[in-house]
Protein chains: 2
Amino acid sequence: MRRRAEYEKRARVIKALAHPSRLMMVDALVDGDLCVCELQKIVGSDMSTVSKHLSVLKAAGIVSDRKVGQQVHYSLRVHCILNFFECIEAVVKSAAGEQLELVR
Amino acid sequence: MRRRAEYEKRARVIKALAHPSRLMMVDALVDGDLCVCELQKIVGSDMSTVSKHLSVLKAAGIVSDRKVGQQVHYSLRVHCILNFFECIEAVVKSAAGEQLELVR
DNA sequence: GTCGTTGTTGGCAATTGTGCCAAATAGCCA
DNA sequence: TGGCTATTTGGCACAATTGCCAACAACGAC
């Protein structure tokens with residue numbers, strides 16, 4: 001068994017992913033780097049909101065940023081996030097199946 | 001690109017995992033079912049707190065419960081959660097590496 | 001320099017999450 | 001039936017998250 005501190009570190013990373021806008025951004029970044037302006041178009045929120053979401057992802061170590069001309073480009077630091085999504089999707093589908101069973 | 005509703009579903013599942021106590025319980029359940037009383041020993045919180053955490057995991061479709069005598073046993077519904085942990089750990093380690101770089 | 005573009009930060013109100021206590025419930029077992 | 005054990009629920013105080021607006025910063029273009 002692991003110590004609580006380890007679970008706290010992990011929880012911090014997971015919490016950073018636990019928001020639909022941030023998930024959208026991470027998913028978009030799988031195909032390559034994007035500037036804040038493009039990410040904003042994708043999630044459709046205020047630029048300041050998008051920027052704050054990105055700072056959450058950055059603080060968790062999920063993305064990194066760099067200046068490119070007048071833009072800031074964000075990129076995924078760890079790509080296994082994709083497998084992760086597959087598993088979450090499995091939970092969602094499993095839950096949906098459960099719903100059907102209840103209706104039967 | 002996917003619709004926002006899909007990301008909201010996923011975020012709900014991820015949010016359910018975004019707490020150290022709940023991570024501890026999920027990790028403990030990987031090796032087999034456990035009753036609430038044993039999970040309480042593991043996380044060390046009040047029984048009522050543990051019960052509420054479990055109801056969060058259940059609502060997200062991550063665990064299921066069943067009565068066994070006078071106890072309630074919880075079990076993992078989706079085991080790929082394990083790979084998921086590996087990826088999170090990769091992020092944690094990557095972030096730790098980044099810290100070192102900054103210090104250098 | 002001044003302007004426009006691109007991002008970040010501060011502040012605030014509203015919402016949501018957390019953890020404890022106390023009270024309620026569900027089943028066993030005498 | 002009545003008590004006992006295991007668990008859930010209600011309620012409440014406190015902390016954290018979210019999203020918007022407004023203000024600020026950085027920097028290239030003119």
Side-chain angles (χ1 to χ4, degrees), chain A residues 4-5 7-26 28-29 32-77, chain B residues 4-5 7-26 28-29 32-77:
Chain A
R4 180 157 208 105
Y7 289 102
E8 279 166 6
K9 276 186 210 160
R10 291 179 177 194
R12 246 173 273 141
V13 175
I14 296 173
K15 195 178 289 191
L17 289 166
H19 188 287
S21 296
R22 294 198 289 267
L23 282 183
M24 287 180 88
M25 294 195 277
V26 168
L29 288 172
D33 302 8
L34 291 171
C35 65
V36 182
C37 50
E38 290 178 284
L39 289 165
Q40 189 209 350
K41 285 177 204 154
I42 291 171
V43 308
S45 306
D46 192 89
M47 171 88 87
S48 72
T49 300
V50 172
S51 177
K52 280 187 185 169
H53 279 310
L54 285 167
S55 77
V56 170
L57 289 172
K58 185 180 166 189
I62 296 166
V63 303
S64 59
D65 61 343
R66 74 201 152 89
K67 262 276 185 184
V68 177
Q70 6 186 15
Q71 305 182 326
V72 177
H73 284 209
Y74 279 84
S75 60
L76 266 193
R77 279 167 56 90
Chain B
R4 179 156 208 106
Y7 288 102
E8 280 167 5
K9 276 188 209 161
R10 291 181 178 193
R12 247 173 271 142
V13 175
I14 296 172
K15 195 178 288 189
L17 289 166
H19 188 287
S21 297
R22 293 198 290 267
L23 282 183
M24 288 180 88
M25 295 196 275
V26 167
L29 288 172
D33 302 8
L34 292 171
C35 65
V36 181
C37 51
E38 290 178 282
L39 289 165
Q40 189 211 347
K41 285 176 202 152
I42 291 172
V43 306
S45 307
D46 192 88
M47 170 88 86
S48 70
T49 299
V50 172
S51 178
K52 279 184 186 171
H53 279 310
L54 285 167
S55 76
V56 170
L57 289 173
K58 186 180 164 189
I62 296 166
V63 303
S64 58
D65 61 343
R66 74 201 153 88
K67 262 274 186 186
V68 177
Q70 8 187 12
Q71 304 181 327
V72 177
H73 284 211
Y74 279 83
S75 60
L76 265 194
R77 279 168 56 90

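As the structure is a computational prediction, the values presented were derived from the model and not from experiment.
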- Which part of the nucleic acid, if any, lies within reach of Lys15(B) when heavy atoms closer than 4.0 Å are counted: base, sugar-phosphate only, or nothing? sugar-phosphate
Starting at [atom1] of [X] and ending at [atom2] of [N], how long is that distance when rounded to a whole Å?
X        : N       : atom1 : atom2 : result
Gln40(A) : dT5(C)  : CD    : P     : 14 Å
Arg12(A) : dG17(C) : CZ    : P     : 20 Å
Leu54(B) : dT8(D)  : CG    : C1'   : 11 Å
Glu38(A) : dT6(C)  : CD    : C1'   : 12 Å
Asp46(A) : dC21(D) : CG    : C1'   : 8 Å
Gln71(A) : dG28(D) : CD    : P     : 13 Å
His19(A) : dT15(C) : NE2   : P     : 15 Å
Leu23(A) : dT17(D) : CG    : P     : 16 Å

- Could you point out which residue of Val36(B), Asp33(B), Leu34(B) forms a side chain to side chain contact (heavy atoms under 4.5 Å, CB included) with Tyr74(B)? Val36(B)
- Item | Partner of Leu29(A) under side chain to side chain contact (heavy atoms under 4.5 Å, CB included), chosen from Ile62(A), Val63(A), Ile42(A), Leu57(A) | Val63(A)
Between [X] and [N], is there a side-chain N or O to OP1/OP2 distance below 4.0 Å?
X        : N       : answer
His73(B) : dA6(D)  : no
His53(A) : dT17(D) : no
Tyr74(B) : dA6(D)  : no

- Message: Counting distance alone, no hydrogens or angles: does the base of dG17(C) have a donor or acceptor under 3.5 Å from a partner atom on the side chain of Lys52(B)?
- Response: no
- Query: With no angle test and no hydrogens, is the base of dC21(D) tied to the side chain of Ser48(A) by a donor-acceptor pair under 3.5 Å?
  - Reply: yes
- Message: Need to verify one output field. Residue with the more 5' nearest nucleotide on DNA chain D, Gly69(A) or Val50(B)?
- Response: Val50(B)
- Val36(B), nearest nucleotide to its side chain (from dT8(D), dT18(C), dG27(C)): dT8(D)
- Quick one: which of dT8(D), dC27(D), dG27(C) gets closest to the side chain of Gln70(B)? dG27(C)
- Message: Within the 3.5 Å criterion, strictly below it, is a donor on Arg66(A) or Ser75(A) matched to an acceptor on the partner's side chain?
- Response: no
- Query: Just by distance, do the side chain of Ser55(A) and the backbone of Lys52(A) share a donor-acceptor pair under 3.5 Å?
  - Reply: yes
- Identify the two heavy atoms, one from Arg4(B) and one from Pro20(A), that lie closest to each other, and give their separation to 0.1 Å. NH2-CB, 4.3 Å
- Item | Closest-nucleotide 5' rank along DNA chain C - winner of Met47(A) and Thr49(B) | Met47(A)
